[in-house]
Amino acid sequence: MENPTQHLTPEEQFQARIDADVRIEPKDWMPDAYRKTLIRQISQHAHSELVGMLPEGNWITRAPSLKRKSILLSKVQDEAGHGLYLYSAAETLGTTRDQMLADLHSGKAKYSSIFNYPTLSWADMGCVGWLVDGAAILNQVPLCRTSYGPYARAMVRVCKEESFHQRQGFEIMQTLCEGAESQKAMAQEALNRWWWPTLMMFGPKDEDSPNTAQSMNWRIKRFTNDELRQKFVDMMVPQAEFLGLTVPDEKVQWNEARQAYDYGEVNWDEFWAVVKGNGLCNRDRLGARVKAHEEGAWVREAAMAHAAKRAERELVAA
Ligand code: 3HC
């Protein structure tokens, strides 16, 4: 029987697979631009996980109890694992770990803007878990259905762990809000600092996004930046009200006609300044990553030497 797609060009056959929701796997033909944008997005996602460990790592030695310390330790360790899944997914597209890390360390590659902000109080650990991981979940659950197989499969495991991250953050905020006035004030002060930078995590407005339209057409993205940002506001405003906190945006207002919250305008100058590398903590974050990479060189060398020795023994034994 004639193959119905054999008269199509490779690009047309590829798009037909995307439109039929057939996963694209590493050995499948794919347009160079598809490969390139996936390497860009997946590697930057991985960088975000690794750099995201730093602001929270700052509070591991300062956690208010052994229980909080062990929860935070476990969460930060999860983020490292998420980074490794994602680097591995990106490597299936032909890039290397060394290349991706060199791009991060040189400032050529990006990581999520949110990790440019300092974590100044324990309530920040609550906000990072509640808001930032909440935003990450909204962005990452649709990525479990992204068209590139290895990326989608990496996301399934990541999302399971993110749910724990978000719940522990919300629980920190709830504990503070049900505590002394000074603790509730600390929670409100942290929300004031983290609300707008979290809205920026979803990326620029759709009309200012050079990648979104194509990423939607290739089903890399299942929702646009603005759609996910709206979902986030609609989800988080009632949670802030439940905590007895006020979202720092006087334009937040339920819109019956839209069945969604209206909200104010993000400070896009701040967003683009951070994205371009001028974020508050960018120099510290990259410095910490470069230092960790250099100090970890001996571990990589030892692992490579061990692997080479074992391969040699197996060769001799064969
Ligand atoms: N921070 C830094 N750069 C950003 C950004 C942000 N919040 N939002 C957009 N950008 C960059 C993009 O990378 C792009 O630059 P590039 O072309 O040089 O890569 C430019 O700004 C234009 O943005 P676009 O919207 O056109 O880019 P995308 O289509 O790639 O959309 C994105 C941006 C929504 C972040 C998308 O890349 C994405 O969904 N990535 C996967 C999820 C991810 O990376 N999340 C980051 C947080 S991970 C996290 O929070 C871990 C949790 O455990 C704490």
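This is a predicted model, so every value here is computed, not measured. Throughout, numbering of the chain's residues begins at 1 and tracks the sequence. Order of listing sets the numbers, starting from 1, for every ligand and every atom in it.
If you look at S113 next to ligand 1, the close heavy atoms, those under 4.0 Å, come from the backbone and the side chain alike. Contacts of N225 with ligand 1, taken as heavy-atom pairs under 4.0 Å, involve the side chain alone. Only the side chain of K110 comes within 4.0 Å of ligand 1, judged by heavy-atom distances. Contact annotation: for M200 versus ligand 1, heavy atoms closer than 4.0 Å belong to the backbone alone. Using a 4.0 Å cut-off between heavy atoms, S48 contacts ligand 1 through its side chain alone, with no backbone atom that close.
Interface of Q44 with ligand 1, defined as ligand atoms under 4.0 Å from a residue heavy atom, comprises 13 (O), 19 (O). Every atom of ligand 1 is numbered from 1 in the order shown, and the set under 4.0 Å from a heavy atom of Y111 is 1 (N), 2 (C). Which parts of ligand 1 touch D133 is read off a 4.0 Å heavy-atom cut-off, strictly below it: atoms 52 (C), 53 (O), 54 (C). Within the listing of ligand 1, atoms 50 (O), 54 (C) sit less than 4.0 angstrom from a heavy atom of F115. Close contacts of ligand 1 with E49, meaning ligand atoms under 4.0 Å from a residue heavy atom, involve 51 (C), 52 (C), 53 (O). Near G203, meaning under 4.0 Å from any of its heavy atoms, are these atoms of ligand 1: 8 (N), 9 (C).
Across Y151, F271, F202, heavy-atom proximity to atom 34 (C) of ligand 1 is greatest for F202. Here the shortest heavy-atom distance to atom 49 (C) of ligand 1, taken over G277, A136, S209, belongs to A136. The option from K221, M53, K75 that lies nearest to atom 28 (P) of ligand 1, judged by heavy atoms, is K221. Summarising the contacts of atom 35 (C) of ligand 1 with R229, M201, E56, the nearest heavy atom is found in M201. The nearest non-hydrogen atom to atom 17 (O) of ligand 1, considering only T37, N211, D78, comes from N211.
For the pair E79 and ligand 1, the shortest N or O to N or O distance falls below 3.5 Å. For the pair H82 and ligand 1, the shortest N or O to N or O distance does not fall below 3.5 Å. In terms of N/O distances under 3.5 Å, ligand 1 is approached by E162.
Side chains of M100 and E91 form a contact here, defined as non-hydrogen atoms less than 4.5 Å apart.
Of the protein's non-hydrogen atoms, the one nearest atom 22 (C) of ligand 1 is P210 CD, 3.7 Å. Scanning the protein heavy atoms around atom 39 (O) of ligand 1, the nearest turns out to be N139 ND2, 2.9 Å. The nearest heavy-atom contact from the protein to atom 23 (O) of ligand 1 is P204 CD, 3.4 Å.
Contact annotation for atom 32 (C) of ligand 1: protein absent (non-hydrogen atoms, distance under 4.0 Å).
Of the charged side-chain nitrogens involved, none lies within less than 4.0 Å of a carboxylate oxygen, so that R167 and E162 do not count as a salt-bridged pair. The pair D21-R222 counts as a salt bridge, with a side-chain nitrogen and a carboxylate oxygen less than 4.0 angstrom apart. A salt bridge between E312 and K309 is present, with a side-chain N of the basic residue lying under 4.0 Å from a carboxylate O of the acidic one.
Remark: distances from the non-hydrogen atoms of G52 to ligand 1 are all 4.0 Å or more.
In terms of heavy atoms, P197 sits closest to Y117 at CB-CE1, 3.6 Å. Across every non-hydrogen atom of E79 and K75, the tightest pair is OE2-NZ, 2.7 Å.
K231 forms a cation-pi arrangement with F223, by the criterion of a distance under 6.0 Å to the ring centre and an angle within 45° of the ring axis.
A ring pair (Phe, Tyr, Trp, His ring centres under 6.0 Å) with F232 is found for exactly one of W195, Y261, Y263, W130, namely W195.
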